[in-house]
Protein chains: 2
Amino acid sequence: MGVRVTLRSVAEAAGVSTAAVSYAFNRPDRLSSEMRSRILAVARELGYSGPDAAARSLRTGRANAIGVIFTTGLTYAFRDPYVLALLGGLAEALAHSRTSLVLIPFAPVVAGLSDAEVRESLDAVHRAVIDGAVADGFTDDHPAVRALSERSLPLVRSSETAAGRCVLIDDRQAGRKIGRHLADLGHREVAVVLSSPREPGCAVPPADEAALYPYSRHRLAGIREALPAGARVRVVSGGNNADATGRLAATSLLAAPDRPTAIAADSDVLAAAVVEVATVQGLRVGHDVSVTGFDDVPLAASTGLTTVRQPIHEKGRLMARMLLDPDNTPSRLTLPTELVVRSSTGPAPNR
Amino acid sequence: MGVRVTLRSVAEAAGVSTAAVSYAFNRPDRLSSEMRSRILAVARELGYSGPDAAARSLRTGRANAIGVIFTTGLTYAFRDPYVLALLGGLAEALAHSRTSLVLIPFAPVVAGLSDAEVRESLDAVHRAVIDGAVADGFTDDHPAVRALSERSLPLVRSSETAAGRCVLIDDRQAGRKIGRHLADLGHREVAVVLSSPREPGCAVPPADEAALYPYSRHRLAGIREALPAGARVRVVSGGNNADATGRLAATSLLAAPDRPTAIAADSDVLAAAVVEVATVQGLRVGHDVSVTGFDDVPLAASTGLTTVRQPIHEKGRLMARMLLDPDNTPSRLTLPTELVVRSSTGPAPNR
DNA sequence: ATCCCCTTGTTAATCGTTTAACATGGTGCA
DNA sequence: TGCACCATGTTAAACGATTAACAAGGGGAT
């Protein structure tokens, strides 16, 4: 116990200036090698393991870390294949630059909180010692995103409406790819299942569509655009983008008397849940009902899902690069998507 | 651009002391509400978003973050279901305490580096602004673990030989459960596939067993203990605990003229890869060859793997709790394991 | 012998906060 | 009236480092 060992105490013990000790750890070339090894020896003897991280970070203004926030909450993030692919991409870019990845949790911000209460619920966002941050999938005005951008850190988003750096895909165009595919197959009764913070399975009235995640909104718009005039599109919440919430949504849709002939989900996870429920109910997916996903994560291939592939890993890699090396990276990038047709879609059944 | 807004500049602009501004953000009760709102108004006007994270962290000595290091490297971590379950547990414990999770990368430390070079490769470990850290699966003398413990931060490990806090399972006992199961089924020719930094597929001679991951070593010991005297055990490296490396190991084992009747893998990921290779080669898993895994991640259930279940999520949760609330948590915990028999094991074939 | 430059070390300012300890004026109470 | 106490601000000392700018001494070239 007792007193903590600092740069200064090492300097005093070695009879040199603090600058010398600092140089011994940071700039070997500024010191003669004998001085340096003497200092390091004293440091080791005192149990000094190097400059304090927080102090260093204050003084230099660099944290060697970038932050990430998640729409669905930290706990769920590790079950979401989309998030994992993104994290994988981030990690790949970071690994070689000795930069840590800070996963920042935040309490859900419910309506009607005071300024102070909001601040408090975003505590971790304010306190994270980072050089920049990534916010993927958020609305521009989400409190956590706002808190982050107020910190005047470099921030990379995935929203086309946001100012500043971003990496994104053309969600609307991707939606059209799905819509056109379904239209070509003759589907006119389409349900769209979108990940959303609201109750899974409940219908989303047009008035509430503005509150959807931006990517969901755009994909939905694209689907609508590509379907012919007579088509009916109903929108249902898929909840947290989880297996369980997807099943709830699917159950409510497939139980309806006027069951849709096609169900377009916002993610492969949700789509796989729909396929599962449909199969259990004795429906032949691709015949009695068509299902599409989004992302093309590994799950999609093994489930035989028709989906839209997006380069998630690459997205993460580029987001990190934008933060690490802004000068050699464009500040806005739109990545390509591709319709991948598998067995989960087929011609609309005759009624 | 221009000059940065600090607590001081806000104080000057508002005509109050810096203490007042600090209190406005941290201790509402120390200020009259009119003073407080005046200060916050000035702050907003100047674009001040709250106290600087690094400075705060230096001054208070708290970072509100805990670190994690991974044996297999950050990039691979997100593909490993074991790691994901652990992270999920950590995140769950953290979510309610407004603590961030810092994933720390480190360059591989190869032999024969100078002191300075080692330090440099562990740069992120030294620079991470954290209050404590988790190191799961490491040898006690791994450079990254050593660097972390020298920082005199609370550190939670999973090693029974380490001093200090740890959460672990009885790997040796778990190994015996597998060994006994295989012994009961009549297996006498057993191969053990262990995740290890060395070349996947290569044999691990007894002399090198000391360099294995500690958990591997203990499980191996347990398996050996439970098998009858006449049994032969050969040990093979499974590489990075990945799908691909597992297939390499499996191929080399199954191609051998004296193919083992049972293959015990160190993880479900490796075991699943073995099952896949065996199936492709036309072997009936559970008849011609038996395969066991470890962990009981979701993959195991869907593959029909016989395996040993360990409470990974719980492990993560407890590790985080030990760091967050050391006073109300025991400092050493051993969690239970359970043999789960499925279809991948069966009686040894007659030769 | 002079000048210049290079190497190696020191001085001291600064990074942006937090918080114990102290002042000050007003209230409640005897 | 006097005293204790409370609420509300301020003062000023850390927290632990980095790094320009400077100083001193030693060669090497001319």
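Below, read A as the first sequence line, B as the second, and so on, with proteins coming before strands; counting in each chain starts at 1.
Across all strands shown, B:T6 has heavy atoms under 4.0 Å from sugar-phosphate atoms exclusively, and none from any base. B:R27 comes within contact range of no nucleotide atom at all, as no heavy-atom separation falls under 4.0 Å. Residue-level contact check: A:S32 touches the backbone only, with heavy atoms under 4.0 Å from sugar-phosphate atoms and none from bases. If you check every strand for non-hydrogen atoms under 4.0 Å, A:Y48 touches sugar and phosphate atoms only. At a threshold of 4.0 angstrom between heavy atoms, the contacts of A:L7 include nucleobase atoms, whether or not backbone atoms are also involved. Across all strands shown, B:T60 has heavy atoms under 4.0 Å from sugar-phosphate atoms exclusively, and none from any base. The residue A:L58 sits close to a base: some heavy atom pair falls under 4.0 Å.
For the pair B:R62 CZ and C:dT19 P, the computed distance is 11 Å after rounding to whole Å. Distance CG (A:N26) to P (D:dG16): 17 Å, rounded to an integer number of Å. The CD-P distance, from B:E12 to C:dG16, rounds to 13 Å in whole Å. Rounded to a whole Å, the CG atom of A:D52 is 15 Å from the C1' atom of C:dG16. Whole-Å rounding puts the A:Y23 OH to C:dT7 P distance at 15 Å. Between the CG atom of B:N64 and the P atom of C:dT18 there is a distance of 12 Å, rounded to whole Å. A:R30 places its CZ atom 14 Å from the C1' atom of D:dA24, with the value rounded to the nearest Å. Remark: P of D:dT8 and CG of B:L31 are 8 Å apart, rounded to the nearest angstrom.
By the 4.0 Å N-to-carboxylate-O rule, B:E120 lies close enough to A:R98 to be salt-bridged with it. Electrostatic pairing of B:R127 and B:D123 counts as a salt bridge here, judged by a charged N lying under 4.0 Å from a carboxylate O. Ionic pairing of B:R146 and B:D140 is not present here: no N-O contact between side-chain nitrogen and carboxylate oxygen is shorter than 4.0 angstrom.
Contact between the side-chain N/O atoms of A:R8 and the OP1/OP2 oxygens of D:dA17 is not found at any separation under 4.0 Å. Within the structure, a side-chain polar atom (N or O) of B:S22 is placed less than 4.0 Å from OP1 or OP2 of C:dT18.
Contact of the A:R4 side chain with the A:S9 side chain is not registered, since no non-hydrogen atoms from C-beta on lie closer than 4.5 Å. Counting only heavy atoms from C-beta outward, the side chains of A:V145 and A:L155 approach each other to under 4.5 Å.
No donor-acceptor contact under 3.5 Å links the side chain of A:R56 to the base of D:dG16.
Sequence order on DNA chain D of the closest nucleotides to B:R59 and A:A19 puts B:R59 first from the 5' end. When each of B:R36 and B:R127 is assigned the nucleotide of DNA chain D with its nearest heavy atom, B:R36 is the one assigned upstream, toward the 5' end.
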### Message
Please determine whether side chain to side chain donor-acceptor pair (under 3.5 Å) holds for the pair A:R79 and A:N240, giving the CA-CA distance in whole Å, both sets of side-chain angles, and the decisive distance to 0.1 Å.
### Response
CA-CA 11 Å; A:R79 282 172 230 160; A:N240 216 6; over 6 Å; no

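Distances were taken from every side-chain heavy atom of A:S17 (C-beta onward) to each of D:dG9, C:dT11, C:dG16; the shortest belongs to C:dT11. Here the side chain of A:A55 is nearest to one of D:dG16, C:dT10, D:dT11, namely D:dG16.
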